[in-house]
Structures are given as structure tokens and as C-alpha cells.
Amino acid sequence: MKVPDLAGAWKQNNSASDDGWMAANISGGTVTANFVTDSGDTTSLFWVGTFTAPTDDTSPYTWTSTRDTAATDTALLASTDATKVFTYEDDEISFPVSIAGSTTIVRLSKE
């Protein structure tokens with residue numbers, strides 16, 4: 001097997017809403033995740049953090065992303081967690097999102 005290339009655009013595949021979802025982009029050493037609402041017209045920053053690319057085909061692949069505080073501290077809907085664990089398995093990236101005491105696992109597929 002080959003090492004998965006996680007760079008690029010990702011879109012949530014388990015959203016309960018037709019006009020809202022999460023999207024992420026992985027580029028270089030950074031992962032950026034946004035809430036997308038109004039059928040794509042509104043984007044709100046949720047996470048900017050480090051990305052460590054896989055070096056082999058081990059599955060599942062997990063990495064701990066460290067939040068970029070300069071990029072997220074002024075974003076109203078951004079996570080305040082210092083780190084967040086992302087998992088890649090079966091062509092999906094997943095990570096937890098907590099809002100108002102509720103946590104859900106967001107699952108993303110590559111666009």
C-alpha cells in the first residue's frame with residue numbers, strides 16, 4: 001500500500017443539515033477546519049493547527065494538532081482546546097467538535 005496523501009479539501013459526510021456542514025483544508029503543515037452554513041455562503045473558523053503527514057500506510061492514522069492561537073483567538077466559533085486529535089481511517093478524517101456541552105464526531109471525505 002502507499003502512504004495516503006491527506007492534503008487538499010475535505011467536506012463533512014455526516015452532517016444532519018442540508019445547508020450546513022464542516023469543511024477542512026490540509027496544506028503543508030496546517031489543518032484548517034470551518035463551519036459552513038447558509039448553503040455555503042457563510043464560513044466560520046473552527047480550527048487552525050498543526051498537521052503531521054503520515055509516513056506509512058498504518059491505519060488508523062492519528063495525529064495531535066496543536067492550535068494556532070494567533071489565528072483562532074479572535075474567531076467567535078473557534079475551539080479553545082490547546083490540542084485536538086484527528087484520525088484518518090477508511091478514506092475519512094474524523095475529529096470531535098464540542099459546542100455548549102455537546103460533543104459530536106465530525107467525519108470528512110476528500111472532495
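This chain uses plain numbering: 1 for the first residue, then up along the sequence.
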Are Ser65 and Trp47 close enough, and set up right, to give a side chain to side chain donor-acceptor pair (under 3.5 Å), and what steps lead you there? CA-CA 9 Å; Ser65 178; Trp47 185 263; 3.0 Å; yes
Would you sort out whether Lys84 and Trp63 count as a side-chain contact (heavy atoms from CB on, under 4.5 Å), showing the intermediate values? CA-CA 8 Å; Lys84 188 165 287 295; Trp63 76 93; over 6 Å; no
side-chain contact (heavy atoms from CB on, under 4.5 Å), that's the test. Do Thr62 and Thr64 meet it? Break it down for me. CA-CA 7 Å; Thr62 61; Thr64 299; over 6 Å; no
Mind running side-chain contact (heavy atoms from CB on, under 4.5 Å) on Phe46 and Val106 for me, showing each step along the way? CA-CA 12 Å; Phe46 173 72; Val106 171; over 6 Å; no
The test is side-chain contact (heavy atoms from CB on, under 4.5 Å); show your working for Ser109 and Lys11 and say whether it passes. CA-CA 5 Å; Ser109 297; Lys11 183 177 179 181; over 6 Å; no
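Within a 6.0 Å radius of CG in Asp57, other residues, nucleotides and ligands contribute more than 12 heavy atoms.
Distance check: Leu77 CG to Thr43 OG1 gives 11.5 Å after rounding to the nearest 0.5 Å. To the nearest 0.5 angstrom, Leu108 atom CG is 8.0 Å from Asn14 atom CG.
Residues Thr42 and Ser44 are in side-chain contact: their nearest non-hydrogen atoms beyond the backbone lie under 4.5 Å apart. Counting only heavy atoms from C-beta outward, the side chains of Pro54 and Leu6 approach each other to under 4.5 Å. Between Phe51 and Thr30, every side-chain heavy-atom pair lies at or beyond the 4.5 Å cut-off. Residues Phe35 and Gln12 fail the side-chain proximity criterion, which asks for heavy atoms closer than 4.5 Å. The side-chain heavy atoms of Met22 and Thr104, taken from C-beta on, include no pair separated by under 4.5 Å.
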Side-chain atoms of residues 85-98: list all donor-acceptor pairs with protein atoms under 3.5 Å, sequence neighbours left out, distances to 0.1 Å.
unit_1	atom_1	unit_2	atom_2	d
Tyr88	OH	Asp91	OD1	3.1
Glu92	OE2	Asn13	ND2	3.0
Ser98	OG	Thr103	OG1	2.6

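Hydrophobic clustering, defined by side-chain heavy atoms of Ile, Leu, Val, Met, Phe, Trp and Tyr closer than 4.5 Å, groups Trp21 together with Val36. Cluster note: Val48 groups with Leu45 through ILVMFWY side-chain heavy atoms spaced under 4.5 Å, whether in direct contact or through intervening members.
No side-chain donor-acceptor contact under 3.5 Å links Asn25 and Ser27.
In this structure, the side chain of Asp56 engages the main chain of Thr58 through a donor-acceptor pair within 3.5 Å.
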